[in-house]
Every structure is written in C-alpha cells, then in structure tokens.
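What you see is a predicted model; the values in this text were computed from it and never measured.
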Amino acid sequence: MKFMKLGNRPDTFITEEATRIVISDVPSDLTIQINNISYLLHKLQYPLLPKCGLLQRLISDSEDSSNVTLNLHDIPGGEEAFELCAKYCYGITINLSARNFVSAFCAAKYLGMTEKVETGNFVTKLEAFLSSCILEGWKDSVVTLQNTSGIYEWSESLGIVRKCIESIVDKILTPPHKVSWSYTYTRPGYEKNRRESVPKDWWTEDISFLDVDMFRCIVMAIKSTNMLQPQLIGESLHVYACRWLPEITNTGLSEGSTSQVEDQDSPDRKQRILETIVSLIPADKGSVSVKFLLRLVSISNLLGVSPVTKTEILRLSGMQLEDAALDDLLLPNRVSNDQTLYDIELVQTVLESFLRQWKRQTPTDESLSLRSINKVGKLIDSYLQVVSKDANLSVQKMTALAETLPGIARIDHDNLYKAINIYLKEHPDLSKMDKKHLCRILDCQNLSPEVRSHAVKNDRLPLRTVVQLLFFEQEQGNTMTNIKHRSSDQTSVVRDDMNKLKLSTDDRQSSIGKGGKNYDDKFQLRPELSFKIRESAVQETRKAREIRDEGISEIQHSNLNPHEKARERRVSGKTHTSKGRER
C-alpha cells in the first residue's frame with residue numbers, strides 16, 4: 001500500500017478531557033466544536049485561516065472577532081478528518097494512505113482548501129495522490145472504495161466512487177498473465193501452484209470485502225463488457241455469499257476458501273445481500289453451481305426474501321437439477337417445528353420447478369429430454385434411499401416426493417423398491433394402512449427379475465403387494481408358456497409345408513428324368529397347402545358351386561311356359577311327399 005507524507009513538524013496536539021489543544025506560546029483564539037470534542041486553535045499565528053476558505057467566511061460573519069467559536073458537526077469524516085486538515089495547516093507531519101484518504105479529501109473539500117484559496121493547497125495534493133498512486137494500485141483502489149461507504153454521498157459527488165470502480169474493473173479485465181500487482185487469494189492448494197500462473201478468479205476475494213452496493217456496481221460493470229466468462233462472475237458471487245452469509249458456509253458450501261466475518265449482520269441486511277446476489281447471477285446455465293443455488297434456496301426460506309427472488313432461485317435451481325449430485329440435496333432442515341434431518345420439502349419444490357420447465361421445453365432431440373428426466377429420476381430415488389433412514393420421516397412426505405416424479409422419469413422401479421424396503425426396515429412399527437399407502441407407488445411390473453424375486457420373499461411388504469407380485473409372476477409365466485406352444489405349432493406347420501414342397505419338387509425332377517421332357521410350359525409347380533388352408537379352400541369352392549347352380553336353375557325356370565311350370569310343380573310336390581313318407 002502506498003503512502004504520502006506531508007509536513008515536517010512534530011505532533012503538538014494534546015488531549016485534556018474532551019479538548020484537543022495545540023501546544024504553543026500563543027494563546028488560543030479559535031474554538032472548533034465537532035461532536036463532543038473541542039479544538040483550541042489559532043486564527044492568524046498559524047496558516048489555518050489562509051488555507052481554509054470556509055473558516056474565513058465563518059469568522060468574517062462572526063460578531064466577536066477576538067475569540068471565535070464555530071460548530072462544524074456536519075464535517076464529513078468527523079473529528080479525525082478535521083484533525084488531519086488542521087495538522088496540515090500547522091505543518092505537522094501526517095501520513096496519508098488509502099485508509100484515510102477519503103475522509104481527508106472530503107473534509108478538505110468541505111473546508112474549502114482549494115486552489116482558489118491558496119496555490120498548492122491540500123485538495124490539490126490529495127488529487128495528485130489519488131491519480132498517481134491510489135488508482136494505479138489494485139488493493140489501494142479496493143480499500144479506498146471500501147472506505148467510501150461511511151461518507152458515500154460526499155464520495156460519490158466528488159467522483160471518488162466512480163474513479164475507483166473504473167480502476168478496479170479495468171484491472172479485473174486485464175488478462176491474468178499481465179497481472180503484476182499483489183492480491184489476496186487464500187484458496188486451498190494455491191500456495192503449491194503460486195509460481196505457475198495467476199488464477200483467473202484472482203480478484204474475487206478482494207472485492208468480497210466491499211459493501212453490497214459497491215460490489216453490485218462492480219459486477220454490473222463487468223457484466224456489461226461481456227469480456228469475462230459467466231462462470232467467473234458466478235464465482236465472485238459465490239465468494240461474496242460465503243463472506244457475508246455464514247448460513248451458506250454452515251451447510252458445508254465453503255471449505256475455508258475465504259475468511260468468514262462474524263455473524264452480526266441484521267436479518268434485513270442479509271436479506272438485501274441475498275436478493276442482490278440472486279439478481280446478479282448470469283442467465284447462462286452453469287454460471288453458478290447447482291450446489292450453490294440449492295443453498296441459496298435453503299437460506300431464502302430462513303431470511304424471508306421477496307417472492308420474486310425466491311421464484312428466480314427456484315427457477316435456476318430447477319434448470320440445473322439434473323447436474324446435481326446426491327450430496328447437494330442433503331440439506332439440513334431449518335424448520336424448528338419439524339424434526340426431520342433433511343429438508344425434503346425444499347427438494348420437492350425444486351423438483352416441481354424442474355418438471356414445469358421440462359414440460360414447457362421443446363427439445364430438438366427427444367432422447368436428450370428423456371435422458372434428462374431419467375437422470376433426475378435416478379437422483380431422486382437415490383435421495384429417497386438416504387432420507388428413508390430418518391426415524392422422523394413420515395409416510396406422507398416419503399410418498400409425496402416419490403409421486404412427484406412422472407412415470408416416464410423411472411426406467412424401472414428397482415431403486416424405488418430399495419428406498420421403500422429401507423423405510424420399512426427403519427420403521428418396524430408402521431401400521432398396515434401406512435404400509436399400503438407407501439407400497440401403492442410401487443409398480444410390480446417395472447421391477448427386474450432379481451428385485452422381484454427378493455420382493456416376493458420380503459415379509460416387510462404388505463400382503464396385498466406380495467399377492468400382486470405373485471399374480472404378475474404367474475401371469476408372466478403363463479404368457480411365456482403360450483408363446484412357446486404357439487411358436488411350436490407354427491413351426492410344425494411350416495415344417496410340414498416345406499416337406500411337401502420338397503416332395504413335389506423331387507417328383508417333378510424324376511418326371512423330367514424319365515421322359516426327358518420338361519413340362520414347365522403346361523404345368524406350374526405349386527407347394528401343397530396345409531390342412532387348414534386346404535379345408536377352407538374346399539369349403540369356399542363348394543359354396544361358390546351351390547350359388548352358381550341355384551342361379552342356373554332360376555334362369556331355366558323363368559324360360560318355361562305355364563303348362564311346363566305347372567307340371568314341374570306337380571312333380572316337385574310328389575317328390576317332397578315321397579321324401580316325407582320315407583322319413
């Protein structure tokens with residue numbers, strides 16, 4: 001950190017109770033009141049008035065010119081900043097750095113210590129120090145910006161905030177191989193790789209010390225340039241959240257990557273920090289990890305953030321749920337009146353958000369969409385296997401989460417069966433109704449043969465489920481038997497037809513051999529039909545002949561004259577009479 005030294009006289013300010021006095025042979029004739037401290041100073045013996053335009057105006061307006069008392073309670077930076085300006089006027093040695101620059105600069109501006117009052121005045125020297133030293137350094141710019149929070153309005157109006165932010169953003173956008181200044185980076189494993197290269201996120205830890213408004217301005221400025229990867233911006237949000245929201249660290253998100261602050265912030269300030277972080281998350285998928293998002297969801301319930309913020313966190317978490325690992329879902333339950341170990345309702349809410357987005361999307365490749373929901377289904381079933389060991393987990397919560405997944409999400413029900421079996425084992429006093437309620441979500445037809453074989457012998461399952469398993473086993477066995485029989489019959493018919501075809505072919509070849517003549521121009525070799533097909537063909541032919549004979553008979557009858565028709569009716573009647581007698 002760079003310093004600027006002004007003055008060469010020793011410090012002659014002493015304190016007597018609430019009074020600051022300058023040791024001098026000349027009696028004091030000017031009293032400055034700032035808050036609860038009184039400064040006994042001199043008007044003309046020392047160049048206090050010639051350097052301060054404000055004091056000149058105030059004293060000129062005073063009625064008593066011998067001993068003047070002025071109140072400067074609203075001076076930016078308070079009594080410490082005023083004392084720096086007073087010591088500069090008295091020629092007393094002062095050291096300026098990024099830590100006290102802001103208060104000194106604002107106080108000097110307030111007192112009117114400008115070029116209009118005296119050439120080479122205090123403000124001019126401070127401006128030169130800002131441009132040539134503070135803004136040229138990395139940590140100096142960050143510390144200076146950090147110190148503007150106490151007197152933000154003055155700092156903003158004087159351009160200190162804007163200049164520091166521009167300097168910081170410009171250095172962040174510098175390629176890592178060109179970074180030559182010192183920075184804070186305490187991540188695990190960095191010491192081992194210190195000599196190799198500068199990490200891309202070298203800047204994230206230093207700006208995490210800033211106030212949330214300063215931090216937001218920097219991140220917004222970085223995002224507007226589109227020069228950094230979204231993952232780097234997401235990492236800066238992660239580091240900032242770990243520093244100012246200890247609840248995230250308590251869930252195991254941070255592994256000591258940043259030094260933690262004391263948990264003294266008010267809930268309102270934490271809520272504002274969380275809402276700011278969520279508003280700064282880049283829209284790109286994967287800019288922040290799903291682990292980080294899930295923990296933001298967890299503490300959002302605790303801090304009571306706005307509905308808009310909570311909806312956005314749930315949307316981002318659902319969008320990346322398929323990338324989550326099992327450990328990411330094992331969030332501790334923060335609800336005081338709920339004795340379960342894990343926050344199952346949170347996982348169910350995020351799952352519902354994922355399903356809403358999954359249903360709305362129109363992927364170009366349906367296989368990718370199916371793979372995505374199958375991956376989530378496997379993750380949730382694995383999560384159920386872990387939480388089912390909780391003795392305080394109710395059947396209703398267990399089934400509610402399991403039933404949230406649609407049928408297409410599960411390739412099979414093997415993992416779901418394992419979760420149910422673990423739950424039944426850990427809850428031996430479960431009632432029959434609860435067992436039925438739990439096992440109704442299990443589809444016996446979607447179990448593998450190995451798991452189904454285990455389930456049939458599982459005495460923890462309700463009798464109704466076991467009966468369903470046995471019925472499905474028997475039905476599947478009968479189906480397989482019928483398929484085998486049907487396949488055997490069809491095979492025998494085809495074999496007979498092939499044998500007959502072969503026999504006819506042999507006869508044809510023998511006839512050609514004997515006569516020496518081929519009769520292909522008169523006859524065609526056709527395979528003999530099976531018995532059922534032949535019988536059907538004979539019946540169709542017989543029926544066609546009967547229809548034909550009836551038609552011919554009607555035509556012949558219509559051509560007879562009346563005498564012949566009467567004779568035919570008499571003959572026909574005799575014939576029917578004789579047939580009746582015979583019967």
Side-chain angles (χ1 to χ4, degrees), residues 298 301 321 326 329-356 358-359 373-374 376-479:
S298 178
N301 297 330
L321 182 59
L326 177 59
L329 302 183
L330 299 178
L331 301 169
N333 191 5
R334 298 178 180 274
V335 182
S336 58
N337 57 358
D338 193 344
Q339 300 300 320
T340 55
L341 296 176
Y342 303 104
D343 196 342
I344 298 177
E345 293 181 356
L346 184 150
V347 175
Q348 184 174 351
T349 304
V350 175
L351 175 60
E352 291 171 352
S353 175
F354 165 80
L355 293 175
R356 285 194 296 269
W358 180 81
K359 291 176 182 177
I373 196 170
N374 289 154
V376 171
K378 186 177 180 180
L379 175 66
I380 296 300
D381 284 347
S382 300
Y383 176 77
L384 287 171
Q385 295 180 41
V386 175
V387 300
S388 60
K389 299 177 183 179
D390 186 2
N392 296 318
L393 178 61
S394 63
V395 175
Q396 289 73 20
K397 282 191 174 183
M398 179 82 172
T399 54
L401 179 58
E403 290 177 337
T404 303
L405 280 173
I408 195 175
R410 291 185 173 96
I411 300 176
D412 55 52
H413 280 217
D414 289 0
N415 289 326
L416 179 60
Y417 168 77
K418 293 176 183 178
I420 292 175
N421 186 41
I422 293 173
Y423 187 87
L424 294 175
K425 183 179 180 180
E426 297 295 331
H427 301 77
D429 298 331
L430 208 62
S431 65
K432 292 183 179 179
M433 291 299 297
D434 287 339
K435 286 184 177 181
K436 291 180 180 179
H437 184 68
L438 177 63
C439 293
R440 73 179 184 182
I441 61 179
L442 190 65
D443 188 353
C444 301
Q445 300 183 15
N446 284 339
L447 296 176
S448 64
E450 295 79 8
V451 174
R452 197 182 307 119
S453 176
H454 180 276
V456 169
K457 303 174 185 177
N458 192 349
D459 55 357
R460 299 188 187 95
L461 296 177
L463 181 60
R464 181 178 181 180
T465 304
V466 177
V467 170
Q468 290 178 351
L469 287 165
L470 292 173
F471 177 78
F472 179 73
E473 285 281 348
Q474 182 180 4
E475 186 180 30
Q476 190 178 36
N478 293 336
T479 302

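- You'll find the side chain of Leu438 stays beyond 4.5 Å of the side chain of Asp434, heavy atoms only.
- Pairing each heavy atom of Asn374 with each of Ile408, the nearest pair is ND2-O, 2.9 Å.
- No donor-acceptor distance shorter than 3.5 angstrom exists from the side chain of Asp343 to the backbone of Pro332, with no hydrogens or angles considered.
- Remark: aromatic rings of His413 and Tyr417 are distant, center separation not under 6.0 Å.
- A heavy-atom distance below 4.5 Å is found between the side chains of Leu442 and Leu447.
- No side-chain donor-acceptor contact under 3.5 Å links Ser453 to the backbone of Pro449.
- Remark: the backbone N or O of Met433 is not paired with any side-chain donor or acceptor of His437 at under 3.5 angstrom.
- Here the closest non-hydrogen pair linking Leu329 and Tyr383 is O-CE1, 3.4 Å.
- Interatomic distance, CD1 of Ile380 versus OG1 of Thr404, reported as 8.5 Å (0.5 Å rounding).
- Side-chain contact between Glu426 and Ser388 is absent, with no heavy-atom pair separated by less than 4.5 Å.
- For the pair Asn333/Leu341, no side-chain contact is recorded, criterion being any heavy-atom separation below 4.5 Å from C-beta on.
- Of the possible donor and acceptor atoms, none in the side chain of Ser353 sits under 3.5 Å from a partner among the backbone N and O of Thr349.
- Taking CG from Leu401 and CD from Glu352, the interatomic distance works out to 9.0 Å, rounded to the nearest 0.5 Å.
- Lys435 is not listed as a side-chain neighbour of His427, based on a closest heavy-atom distance of 4.5 Å or more.
- Minimum heavy-atom separation, Glu345 to Lys397: OE2-CE, 3.6 Å.
- At distances below 3.5 Å, not a single donor-acceptor pair connects side-chain atoms of Asp381 with backbone N or O atoms of Asn415.
- Between the side chains of Arg460 and Asn421, at least one donor N or O lies within less than 3.5 Å of an accepting N or O.
- In this structure, the side chains of Tyr342 and Leu331 stay at 4.5 Å or more apart for every pair of heavy atoms.
- Side chain of Tyr423 to backbone of Val395: a donor-acceptor contact under 3.5 angstrom is found.
- Looking at every heavy atom in both residues, Leu393 comes nearest to Ile344 through CD1-CD1, 3.0 Å.
- Smallest separation of non-hydrogen atoms from Ser298 and Arg334: OG-NE, 3.2 Å.
- The two residues Leu416 and Ile441 have their closest heavy-atom pair at CD2-O, 3.7 Å.
- How far CE of Met398 is from CD1 of Ile422: 8.0 Å, rounded to the nearest 0.5 Å.
- Rounding to the nearest 0.5 Å places NZ of Lys436 at 12.5 Å from CG of Leu430.
- A donor-acceptor contact shorter than 3.5 Å links the side chain of Asn392 to the backbone of Gln339.
- Residues Trp358 and Ile373 meet the side-chain proximity criterion, which asks for heavy atoms closer than 4.5 Å.
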Could you walk me through whether Ser448 and Asp414 pass the side-chain hydrogen bond (donor to acceptor under 3.5 Å, both in side chains) check? CA-CA 7 Å; Ser448 64; Asp414 289 0; 2.9 Å; yes
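- The CD atom of Gln468 sits 10.0 Å away from atom CG of Leu463, with the distance rounded to the nearest 0.5 Å.
- Separation of atoms CG (Leu469) and CZ (Arg464) is listed at 12.5 Å; rounding is to 0.5 Å.
- Taking the side chain as every heavy atom from C-beta outward, Ile420 and Asn458 never approach each other to under 4.5 Å.
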